[in-house]
Number of protein chains: 2
Amino acid sequence: MATLADVARRAGVSPATASRVINGSSKPVAEELRERVLRAVADLRYVPNAHAQLLARPQRSVVGVIVHDVSDPYFAEVTRGLQRVATEHGRLLIICNSYRDPERELEYVELLRAQQVAALILAGSGYHDDGFTQRLNEKLAAYEATGGRVAVIGRHDHAGDAVMPANETGAQLLGEELVRLGHRRIGVIAGPRVLTTTTDRLGGLRRALAEHGCPLHDDRIRYAGFDRDGGAAATAELLDAAGDLTAIVALNDSMAVGALAELRRRGVAVPGRVSVAGFDDMPIAGDVTPALTTVRLPLVELGSRAMTLALERAGDRARVEVLPAELVRRASVGAAPPD
Amino acid sequence: MATLADVARRAGVSPATASRVINGSSKPVAEELRERVLRAVADLRYVPNAHAQLLARPQRSVVGVIVHDVSDPYFAEVTRGLQRVATEHGRLLIICNSYRDPERELEYVELLRAQQVAALILAGSGYHDDGFTQRLNEKLAAYEATGGRVAVIGRHDHAGDAVMPANETGAQLLGEELVRLGHRRIGVIAGPRVLTTTTDRLGGLRRALAEHGCPLHDDRIRYAGFDRDGGAAATAELLDAAGDLTAIVALNDSMAVGALAELRRRGVAVPGRVSVAGFDDMPIAGDVTPALTTVRLPLVELGSRAMTLALERAGDRARVEVLPAELVRRASVGAAPPD
DNA sequence: CCGCCACAGGTAAGCGCTTTCCTGGAGACT
DNA sequence: AGTCTCCAGGAAAGCGCTTACCTGTGGCGG
């Protein structure tokens with residue numbers, strides 16, 4: 001690998017001059033030398049060693065992102081927003097998938113800190129695990145103490161800047177809609193218990209239903225993986241246990257897609273006999289059949305706002321932005337069938 | 001930010017000893033000193049500067065990945081495979097989205113080279129653009145000349161290790177199936193002309209149809225973006241221009257989803273009046289209505305094989321692995337309706 | 001004609017770490 | 001008791017780069 005010294009030697013100049021030419025330093029360099037250096041760079045296919053540069057000029061420019069899984073449409077959208085703003089600021093992103101493993105998340109925080117990232121974004125639900133939360137916050141605090149910037153998406157448990165989707169309010173909206181349409185026996189297929197997103201959404205739903213006099217029964221809730229297959233499995237369980245449900249709320253759209261598949265498999269009409277609702281309004285939500293009634297979360301914006309917060313200077317105090325949820329009525333939810 | 005020197009000072013040892021303790025060097029260190037160092041590390045929340053480490057011990061461990069767009073399900077799946085193998089080898093991934101911009105792709109190659117990545121994976125279609133291809137290959141050659149490993153996914157235009165999906169064969173399979181089912185007036189909604197993936201798939205289809213005596217007419221092909229909206233738009237155009245088609249082949253599943261949406265909007269029965277086929281078998285393909293007949297590509301395996309090639313030592317000559325495509329029959333393709 | 005200033009270019013320090021090589025002390029052996 | 005060996009720990013070089021500081025030259029004014 002060619003080094004700056006090689007370039008300088010070939011161009012017959014000092015490393016200092018070569019460096020100045022290559023980085024477009026403000027210090028003037030004679031045209032002839034400049035050309036010799038540039039030619040040497042081209043001849044040697046020289047690319048500066050980014051690590052050496054970072055050591056010499058500690059100007060952190062990359063941003064670390066920790067998500068549960070980029071290939072999950074939810075995070076794919078969020079990441080798109082993160083990317084957009086990062087690119088606008090000329091920042092490179094290092095994207096890490098924790099695959100919902102708290103330990104791995106902790107490791108990645110260390111790793112990104114070691115990489116001297118300018119900022120750290122944690123996207124995705126927190127965990128109901130005080131031990132973990134404390135360790136995470138300690139690590140983040142250590143990072144922030146040395147000038148690192150942190151922004152989280154959808155986590156209550158962090159003291160700093162945060163962007164929050166209105167999970168609870170969104171779920172409430174959905175609950176009210178179902179009640180309004182006459183549904184009384186409502187089942188829920190939920191993501192993992194340990195995720196705060198699950199409990200937040202469940203909380204909003206529970207509140208809405210309780211307020212309208214049809215409290216959510218615990219035995220009408222099934223927990224499973226936050227994905228399509230989890231949704232299908234949970235739906236099967238739910239149907240076997242309580243066949244008289246008129247509506248199923250999936251706590252995200254992937255699960256809702258699984259529910260739809262299971263219902264189709266069983267020949268249950270949607271929304272004729274059972275209505276199905278999702279959450280997130282991921283891109284495919286409008287294209288399944290029946291099109292999914294869901295709660296739209298501004299996923300891309302969640303990402304772009306978080307990145308903006310992270311790249312701005314730290315405020316005097318933590319900023320928490322709540323981005324609103326919106327009910328999207330499509331075909332999968334209809335009036336409850338008469339008993 | 002605490003440095004190794006800080007740790008050493010606090011522990012009352014030399015930086016050398018501190019380094020040895022922290023990295024678990026093979027050189028023995030007295031238990032007492034070891035503990036003092038570890039305590040200092042904990043007290044100072046010390047994390048080694050990864051850049052300094054890489055400078056001092058040039059042991060490249062991160063792998064760079066350039067994809068068109070991780071949030072595209074195709075790449076999301078491929079990336080999953082890449083990730084898995086990388087993680088198994090203890091490698092961190094830097095994922096870069098080129099958003100199908102060749103210039104950006106070139107920039108990212110430079111950037112990753114500057115980052116001293118151990119290997120570089122280029123995933124996703126090549127471009128019909130000789131100038132670009134040449135520049136890219138030059139850059140990759142320069143990188144490989146200094147010990148960098150390169151593996152590409154789905155690109156003919158690179159001389160080194162490659163993993164190729166059987167785009168052409170897959171399309172042929174699909175073409176034969178359509179002919180077998182009596183389709184003669186077949187339209188195609190294709191991705192951007194400039195992508196080799198588009199032309200490969202189109203080529204396979206064209207060949208199959210020609211062999212069975214119903215050549216593909218150029219005026220039954222529409223090019224658009226390789227996404228859902230592109231698919232919907234191209235379908236609309238196609239239908240307006242040639243309303244008598246009995247089948248529409250989308251060159252990827254996202255476009256097929258768009259096609260389905262447009263057909264539904266127009267009240268055209270699928271597959272009753274028009275059959276629709278996709279390509280890729282992305283996760284949602286089985287869950288739309290009607291479920292998509294498509295060509296399955298082993299997306300995750302594409303990624304895992306490429307990463308494996310890249311992490312193995314370079315062979316004496318380039319290895320090219322072709323991963324087979326498989327026709328997946330679902331509901332969206334049926335027999336051609338009688339005229 | 002001499003001295004000073006301005007400025008292009010070079011010298012070298014230092015970023016934070018690893019690792020080779022060296023040192024000094026303890027134990028072993030004669 | 002003296003010498004040799006062994007080994008834990010430290011000193012220092014060096015990874016590739018940037019940049020503060022220094023040097024030597026040419027142009028200018030007095």
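In the text below, chain A, chain B and the rest are named by the order of the sequence lines, each starting its count at 1.
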Q. For B:K27 and C:dC17, what is the distance between atoms NZ and C1' respectively, to the nearest whole Å?
A. 17 Å
Q: Indicate yes or no for a side-chain donor-acceptor contact from A:N137 to the backbone of A:D157 under 3.5 Å, with no hydrogens or angles considered.
A: yes
**Q.** Electrostatic pair A:E31-A:R34, nearest N-O below 4.0 angstrom
**A.** yes
Q. When rounded to the nearest 0.5 angstrom, what is the spacing between CZ in B:R155 and CG in B:L195?
A. 9.0 Å
Q) Between C:dG9, D:dC17, D:dC15, which nucleotide gets closest to the side-chain atoms of A:A30? A) C:dG9
Q | Note: A:E77-A:R80 ion pair, threshold 4.0 Å (strictly below) | A | yes
Q) In degrees, rounded to 10°, what is the bend between the two ends of the helix from C:dC1-D:dG30 to C:dT30-D:dA1, using five pairs at each? A) 60°
Q.
Using a 4.0 Å cut-off on heavy atoms, which residues in residues 6-17 of chain B reach DNA chain C? List them by number, or say none.
A. B:A16
Q.
Within the 4.0 Å heavy-atom criterion, would you say B:L54 contacts the bases, only the backbone, or no part of the nucleic acid?
A. nothing
Q: Please work out whether the ring planes of B:F132 and B:Y127 are parallel, tilted or perpendicular, with thresholds of 30° and 60°.
A: perpendicular
Q) Below 4.0 angstrom, N of the basic side chain to O of the carboxylate: do A:E88 and A:R84 qualify? A) yes
Q. Do any side-chain nitrogens or oxygens of B:R57 fall under 4.0 Å of OP1 or OP2 in C:dT19?
A. yes
Q | N or O in side chain of A:Q53 less than 4.0 angstrom from D:dT18 OP1/OP2 | A | yes
Q | Test: B:E103 and B:R135 ion pair at under 4.0 Å | A | yes
**Q.** B:R36/B:E32 salt bridge by N-O under 4.0 Å criterion
**A.** yes
Q: Give a yes/no answer on whether the side chain of B:S19 brings an N or O atom under 4.0 Å of OP1 or OP2 in C:dT18.
A: yes
Q. Would you say a side-chain N or O of B:N23 is under 4.0 Å from OP1 or OP2 of C:dT18?
A. yes
Q: Provide, to the nearest angstrom, the distance between the CD atom belonging to B:E32 and the P atom belonging to D:dA8.
A: 15 Å
Q. Can you tell which of D:dG9, D:dC17, C:dA8 lies closest to the side chain of B:V29?
A. D:dG9
